[in-house]
Protein chains: 2
Amino acid sequence: MTSAAPTSRHRLAEIGALLAEPARAGILLALIDGSARPAGELAALAGVAPATASAHLQRLVAGGLLALHAQGRHRYFRLAGEDVAHLVETLALAGAHAPAAAAVSPADTPLRRARTCYRHLAGRLGVALFERLRERDALELGSDAIRLSAAGARWLHDAGLFDDDEGLALAGRSCVDWTERRFHLAGALGNRLAERLFERGWLRPRRDSRALALGARGDAGLRALGIDWTRL
Amino acid sequence: MTSAAPTSRHRLAEIGALLAEPARAGILLALIDGSARPAGELAALAGVAPATASAHLQRLVAGGLLALHAQGRHRYFRLAGEDVAHLVETLALAGAHAPAAAAVSPADTPLRRARTCYRHLAGRLGVALFERLRERDALELGSDAIRLSAAGARWLHDAGLFDDDEGLALAGRSCVDWTERRFHLAGALGNRLAERLFERGWLRPRRDSRALALGARGDAGLRALGIDWTRL
DNA sequence: GCGTCGTTTCGGCCGCCGCCGAAGCGTCCC
DNA sequence: GGGACGCTTCGGCGGCGGCCGAAACGACGC
């Protein structure tokens, strides 16, 4: 009985150990919207002294979960990639199982309505957008990704979001939303879509929160896609 | 700046801590094919004394990752659910990133050709089956799952796999294969499909391995679905 | 009933790691 | 250059937890 995974279990344990501390878990969760934050801010967020946070950040970078970007006397940390974000969300989702909806209920309504998850959209808006894309046959289930159909590219172009044929080459991925328990669009395609929604002024970030607010041109735009923001 | 996730980071850390030890990670990986194994066997697999394994198993059960099924003087442990299997695979996949394919190369060819992942099919066969289902428009991307289309149900029925309209109500999920890096079918629908392949004698498990062998009626059956086992 | 076997509990050892304050280093600004 | 600031390194403390052998427990088979 040669154990089937001689080395992989060590790597698995390694990743587990990186998440095993509330301070580190808090740091990862604080970065899950794709933002980059300086060490001091992360220390405050995690509730530990700068010295402690520094050690944690060092370990997270060494473990490949965080990327580091030094700028002047600040050192900005962000998640090393989308797969890390996906990993953390998967784990957080699994950890929440039963009391998930209850735990997020009262003050977090804007968060549940629309927020960023790494660099794509989540919350009810993310789910609604995914549903509309499905209904319009805008998505094709590929063998290694979810891609935009020709009809989908046309639809998004007509809505003023995408340039011509933009997005046809982008690989998307479905991602289970941890508040809504339904699919939304992630991956490169999901990221681009979110990016365009910001550029076009349909959505804008709120300060100090992952939640999103409706931009000046957002209501009309979303309505043209068949989504009513006020009823989300 | 109220930290956005007051409690969830503790739960995340909790799960991380459960994975953080190579012995526990090994136990989880040993159970990822959905099998149930007695404590002693898991101790040997993890390379620790029975006493140590017992403590680990206790923690894993308390943490909700393992389920326990006592039978006589044996106590069988298995993963608590498919979401746990998905979680472990996601983590193992993320941990492997670069050297994944290399690490599995030589002796594991049967494993890469066809194996079980929890209770559904993976490996090249799993991927090929998913591709054929896609090509036949047998799958529909739902808002919370991948479901069988009417055409798909008919196709699988005609192939002698499913009973009438069986599987229309089952929720499937796509799952990224960690050797092939492509989608295959998981979830209840994927499980049922794998189950039928065993029942019909198309596939059978190998001893002491997650790899699968071709059953007596498998070659003809798969060929009728457009899959050539010998070229997988 | 009595050994055997699978499993758990107990006790003790040891190492790893999180935590902090203080000190050191580099950057920025005046 | 001097001082403020952001961050890291160092040193030391404390606790959690992994590991094992020995012993206890319960089920099975004769």
Side-chain angles (χ1 to χ4, degrees), chain A residues 1 3 9-31 35-78, chain B residues 1 3 6-7 9-31 35-78:
Chain A
M1 178 65 65
S3 105
R9 67 171 165 188
H10 289 102
R11 177 65 185 153
L12 182 56
E14 207 173 306
I15 303 221
L18 287 176
L19 305 170
E21 203 56 29
R24 283 195 293 266
I27 289 174
L28 290 171
L29 287 172
L31 295 173
S35 59
R37 298 173 188 273
E41 184 178 337
L42 291 171
L45 248 55
V48 293
T52 306
S54 180
H56 286 314
L57 291 168
Q58 197 173 322
R59 284 191 62 177
L60 289 169
V61 170
L65 296 193
L66 293 188
L68 172 57
H69 163 69
Q71 181 178 335
R73 56 180 161 182
H74 297 263
R75 304 185 75 195
Y76 288 91
F77 294 86
R78 55 180 170 75
Chain B
M1 174 68 67
S3 105
T7 158
R9 68 172 166 186
H10 289 104
R11 176 67 184 152
L12 182 56
E14 208 173 306
I15 303 226
L18 288 177
L19 304 170
E21 203 56 28
R24 282 195 294 267
I27 288 173
L28 290 171
L29 287 172
L31 295 174
S35 59
R37 299 175 188 271
E41 185 178 337
L42 291 170
L45 248 57
V48 294
T52 307
S54 180
H56 286 313
L57 292 168
Q58 197 173 322
R59 283 193 63 176
L60 288 169
V61 170
L65 296 193
L66 293 188
L68 172 57
H69 164 68
Q71 180 177 337
R73 55 181 161 184
H74 296 263
R75 304 186 75 195
Y76 288 90
F77 294 86
R78 56 181 171 74

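The side chain of Q71(B) places no N or O atom within less than 4.0 Å of a non-bridging phosphate oxygen (OP1 or OP2) of dA27(D). Applying the 4.0 Å criterion to OP1 and OP2 of dC20(D), one finds that T52(B) has a side-chain N or O inside that range. Distances shorter than 4.0 Å separate some side-chain N or O of Q58(A) from OP1 or OP2 on dT9(D). In this structure, H74(A) does not reach the dC28(C) phosphate: none of its side-chain N or O atoms is under 4.0 Å from OP1 or OP2. In this model, the phosphate group of dT8(D) is approached by a side-chain N or O of R75(A) to a distance below 4.0 Å at OP1 or OP2. Look at R24(A) and you'll find a side-chain N or O under 4.0 angstrom from OP1 or OP2 of dG18(C). Within the structure, a side-chain polar atom (N or O) of R59(B) is placed less than 4.0 Å from OP1 or OP2 of dG18(D).
Taking atom NE2 of residue H56(B) and atom P of nucleotide dT8(C), one finds them 13 Å apart after rounding to whole Å. Between the CD atom of E41(A) and the P atom of dC5(D) there is a distance of 17 Å, rounded to whole Å. Computed from coordinates, the L60(B) CG to dT8(C) P distance equals 12 Å when rounded to whole Å. Going from atom CD1 of I27(B) over to atom P of dG18(D) covers 11 Å, rounded to whole Å. The CD atom of E21(A) sits 17 Å away from the P atom of dC16(C) (whole-angstrom rounding). The CG-P distance, from L57(B) to dT9(C), rounds to 11 Å in whole Å. As a whole-Å value, the separation of L42(A) CG from dG6(D) P is 14 Å.
Residue contacts for A49(B): at a heavy-atom cut-off of 4.0 Å it reaches the sugar-phosphate backbone alone, with no base atom in range.
Side-chain contact between R59(A) and L18(A): present, with at least one pair of heavy atoms (C-beta onward) separated by less than 4.5 Å.
Checking dG26(D), dC19(C), dC19(D) against every side-chain atom of A23(A), the shortest atom distance belongs to dC19(C). Counting only heavy atoms from C-beta on, A39(A) has its side chain closest to dT8(D) among dC19(D), dT8(C), dT8(D). The A51(A) side chain lies nearest to dC20(C) when the options are dC20(C), dT9(C), dG6(D).
Across the interface with DNA chain C, nearest-nucleotide mapping of P22(A) and P38(B) shows P38(B) to be the residue nearer the 5′ end.
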